[in-house]
Structures are given as structure tokens and as C-alpha cells.
There are 2 protein chains.
Amino acid sequence: MDTHISMISDVSPFRQLVAKLRRLAPIDEADEAAVLALPHRVGRARARDYLIREGSKPHECCALIDGYAARSKLGVNGGRQIVSFHIPGDILDIQHLFLERADHNVQVISDATLVWVPMAAMRALATQRPTIGTAFWRDALIDASIFREWVLNVGRRDAKTRIAHMLCEFIVRRAAAGLGTAEQTQLPFSQEEIGDATGLTSVHVNRMLRELAEAGLIVRKGRSLEIVDWDGFRRAAGFDAAYLHLAA
Amino acid sequence: MDTHISMISDVSPFRQLVAKLRRLAPIDEADEAAVLALPHRVGRARARDYLIREGSKPHECCALIDGYAARSKLGVNGGRQIVSFHIPGDILDIQHLFLERADHNVQVISDATLVWVPMAAMRALATQRPTIGTAFWRDALIDASIFREWVLNVGRRDAKTRIAHMLCEFIVRRAAAGLGTAEQTQLPFSQEEIGDATGLTSVHVNRMLRELAEAGLIVRKGRSLEIVDWDGFRRAAGFDAAYLHLAA
DNA sequence: CGAGTTGTTGACTCAGGTCAAACAAGGTGG
DNA sequence: CCACCTTGTTTGACCTGAGTCAACAACTCG
């Protein structure tokens, strides 16, 4: 993983993060200035690189600028369970502001760009700028809500619905971050990753995706996926976005 | 659900809560005094009563004094998925300090006693007493860690391991709260509830419990369960408590 | 006592896992 | 430019863990 000190540029590495915080709480210009003034470095990672490993003690906090990431845990038999996906603007380890040791892995699932900020600076920001503290709180609580929905997804829905639900969530979150509508979005997941996120095997994921394609809901183009019938897809998933708490 | 204003008594309704906060952060006497001074009412609930309903907008925050509670969500087919269990001292809806609308239900699973505190007072406590704020943060983040573990549990472990893991977690959390060791603990779950928490049917839970009993790990006495071989049980569950972040 | 819960067991079914083999598409180094 | 490797997709045949259905037993409490 290549890392270098960021140069002065016309686009701040905190642009996506500020946009996200603004969606979570009414941050003002002083808040924004405080974020932009954070000490930091910009790093790059290649698909499959680990950003945080279970059991380590992170002393920097990272946020995604570009690309996608996933949190995962390993089962006894070596099976990986992905517990969430992340998009640009997401803070990937807000939990280490208050917990010492990582209880799961964070990996990028595509080539990605990240900002790293010393944990202490991030913690100071949260306390000295109460509105930012509130945004952090809301972010962490929404993450928890998403985990709860995943327990339901994996525990109670059948394979096809489960896959569709997970994809719906990803698309809606991307759209809420202004990163493209359902029909425009190319989903960046391998079938293996979809399986690891839904508790299914990649073989079965493949079969279910074929059925979804045969039903005219999605189109598979080589390695990537597109939704062609968003309403139908959403209905097939039984998706209700309330748990994402998008309205502030 | 019967509710009344608490009388002056020798035991504060906040005793368990203060003990829990103390395990999460180094709260001092002024912090404790601030908790004890919170406006509140004490309420009672009977097994299966709802404390919070999905979609509602709670304006009071509640903590368990005595008894057990569970968070749950409903699937399309009417199936219930329990996403966590709670023990005395737990705050049941810290998320509504910062999120308006409930995204899941909270139910007691036994007769229980609770303290209700106005949300605004709780929020003020978190900001005016930074150490308590930190305790709240750690509590919320540990909850999230538990949800992640549950995604793994439901997604990747087989039925017997899954049940054992869920029970291990409950026992370890109880023990950490000083509520009894593994061998002393009578587990308060119906097989239906164990099934709802693990994504299994109560019929299959019954079969797995029989196997665990035949293996000499547990004993079933009428409707309740006891662990007789904690080490063996823990091994059968592949349980590692790291994700509970018990060491402060 | 009677009614609603829970627990127990057996017979049968099926969604999803397992195993195995081909195939496709980049990427890389000679 | 080709040979080769890696990573991902696809399909088929077969198997099994967990669900479903149904009946009954045991317990609790109003």
C-alpha cells in the first residue's frame, strides 16, 4: 500500500467527508474549516489490501475518498463474513476513537484512495466541535442500524431476496451520497463478495443472479451488474430504506 | 404496562446503570451524582410487552433495572429476527439521543423493571459530563460490535455452534456485569426466542439443544437451561470474547 | 379447571451447499 | 506476440442441514 504526503491541490481530500457530515448534522463554516485543517496524509490502496486488521490497535482514522471498502470477520472454518460495504465519504473506523482494539478487518474491494488522520486529532475535533460530534454520533448509530438490518437479512430472507436487498442498500446509499442513480450504477462486487456478504456460496449467488436476470430485473455485463428495473428490483428485495435514516 | 413515579428508597433505580457506566469509563463522583439526579420514572413491564415500536418517535430513554429484553425486527413473511438481548444496567435506546425514529422494536422477554428518563435530560448529561459521554460512546460502539458478530453468527456458523455462541455471549455479558457465573446462570430463553435470535426454527433449536445435552454440555430443567461444562461449551461455540471489549 | 403457552418427536421435503470441470478475461514477462 | 497465471464466472450432478407439518405432552396461570 503506497502512501504519500498530500500536496496542495484545488480539491481537498476532505471534500467527500465534509459532504457526508453535512448530510448528518447542520455543520457551519467554522466546522468545515476545522475539518479541512485536520493533519492528514493521503494514501492509495489496491483491491484486496487490508486497511485495518482484527486485533490491531489503530492510531490513525481513515476515510474513503475514492473506491469501495468492506468490513469483514473470519469464521472458524476460514469463511469470511462481510458485515458492511463502504462508499466514498465514509469514515472507516470511527469506533477506534473510543475502542482500543479492532474487532474486525477493513479491506478495500477496489483500488481506492484514502485520507488518514491521527486518532487524537479526530477525537479532539469531535469534542471541540459539538455539531461534528453529533454528526459522528449519527454516523455510528446509522452504521449500527445497518448491522441490525444485516442480521435480519442473513437470518430471515431467502437467497434471492437477500442478495437483492443487499444490492438495493448499496445503490440507495450511493444515490444518497450523490454518486449516481440505480440505473447508472455499475455494481463493483464479485459474486464471491456478494456471497461473503449474504452468507451464501458464490455458486449459489451465481444461480440467483441468473434468475434475477431472467426475470428482467438486472443485466450482467461481464463482471459487473446493472439494475434495469429499479422498481421491480426494489419490490423483489422487499426493500424499505427507513433503517438508513437518510432524512436528517 | 404499569408505570408509577418512583418513591424515595434506599436503592437508586440508577444503581445498575451507574455500575455499567463505571465499567465503560472512569466516571467520578460528580458524574455519578449527575446520573442520580436525572429526572425519571420507574416502570414495570410483563413478558412480551413492547417498550419501543419500530417507526415510533421515542421521547424518553429507558434502561433495564431488572429482567431481560430483546431488540427485534420483522421480516416480510412475519418472521421475527431478534438482533440482541439485554441485561440489567443496559440502556435500551441510546440511539434515540441522535436518531428520531425507531428502526426496530424493543420488547422485554421476562417480567422487568425499567427507568425512563426524558431524552433531552439524557442528551444534556452526555454533553455536560464528557466522561459519561465517552461511556455512552463506548456502549454504543460495543453494541455495534455485537451486531457485527451476530451477522457472522447467523451467516457463517452451523446451527449447533450458532446457538451455543449466542448463549455464551449472554453468559459472559452477565458475568461481566456481576450477575453470576456460567454454571450459576439459568438462561431465560424459550426455544422460540433462541430460534428467532439465531435464524433457526424452534423445532431445530430443540433438536440441537438435545444434542448439546447428550454431549454433556448443558442440562435442561423444564423450561430453563444450565451450562454444566463451561469450557466444553465455550469450545463447542468457538467463542472468543474479544468483540465484547470488556477490558476498559 | 381450562386455555394458552412451551417443549418434544417423527416423517418428509427442499433450499442451498459441495464437488468438479470448463471457460473467459486481463495482466505480465519473455 | 504468445504462453501462462490469476481471478472470476458458469453449469451440472449430487447431497445434506434445516425447514415444514402434525400430533401430542407438559406446564402455568388466571
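Numbers restart at 1 for each chain; the letters A, B, ... are given by sequence-line order, proteins then strands.
- Relative ring orientation between A:Phe85 and A:Phe189 is described as tilted, the plane-to-plane angle lying within the 30° to 60° band.
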What N/O pairs connect the protein and nucleotides 4-7 of chain D at under 3.5 Å? Give each pair on its own line.
none

Below 3.5 Å between N/O atoms, which protein atoms pair up with nucleotides 10-13 of chain C? Just atom names and distances, please.
from: C:dA11; atom 1: N6; to: B:Arg207; atom 2: NH1; distance (Å): 3.4

For this session: Show the numbers, then the answer: is there a salt bridge (charged side-chain N to carboxylate O under 4.0 Å, His left out) between A:Lys73 and A:Glu54?
Result: CA-CA 8 Å; A:Lys73 307 192 71 152; A:Glu54 183 168 351; 5.2 Å; no
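- For A:Arg220, counting side-chain heavy atoms from C-beta on, the closest listed nucleotide (C:dT8, D:dT10, C:dG16) is D:dT10.
- For the pair A:Met208 CE and C:dG16 P, the interatomic distance rounds to 6 Å; values are reported in whole Å.
- Rounding to whole angstrom units, CD of residue A:Glu214 and C1' of D:dT11 are separated by 12 Å.
- Picking from D:dT10, D:dA18, C:dT8 the nucleotide with the shortest atom distance to the side chain of B:His204 gives D:dA18.
- For the pair B:Thr201 and D:dG19, the criterion of a side-chain N or O lying under 4.0 Å from OP1 or OP2 is met.
- Taking the C1' atoms of five terminal pairs at each end of the helix from C:dC1-D:dG30 to C:dG30-D:dC1, the two resulting helix axes are inclined by 50°, rounded to 10°.
- Straight-line distance from the CG atom of B:Asn77 to the C1' atom of D:dT20: 14 Å, rounded to whole Å.
- Whole-Å rounding puts the A:Asp196 CG to C:dG17 P distance at 12 Å.
- Of the candidate nucleotides D:dG19, D:dG30, D:dT9, D:dG30 has the atom nearest to the side chain of B:Arg46.
- Within 4.0 Å (heavy atoms only), A:Gly195 reaches no atom of the nucleic acid at all.
- The side chain of B:Asn206 contributes no N or O atom lying less than 4.0 Å from OP1 or OP2 of C:dG7.
- Note: CZ (B:Arg156) to P (D:dA18) measures 14 Å, nearest angstrom.
- Between the side chains of B:Arg71 and B:Gln81, no donor-acceptor pair of N or O atoms lies under 3.5 Å.
- Computed from coordinates, the A:Gln191 CD to C:dG16 P distance equals 16 Å when rounded to whole Å.
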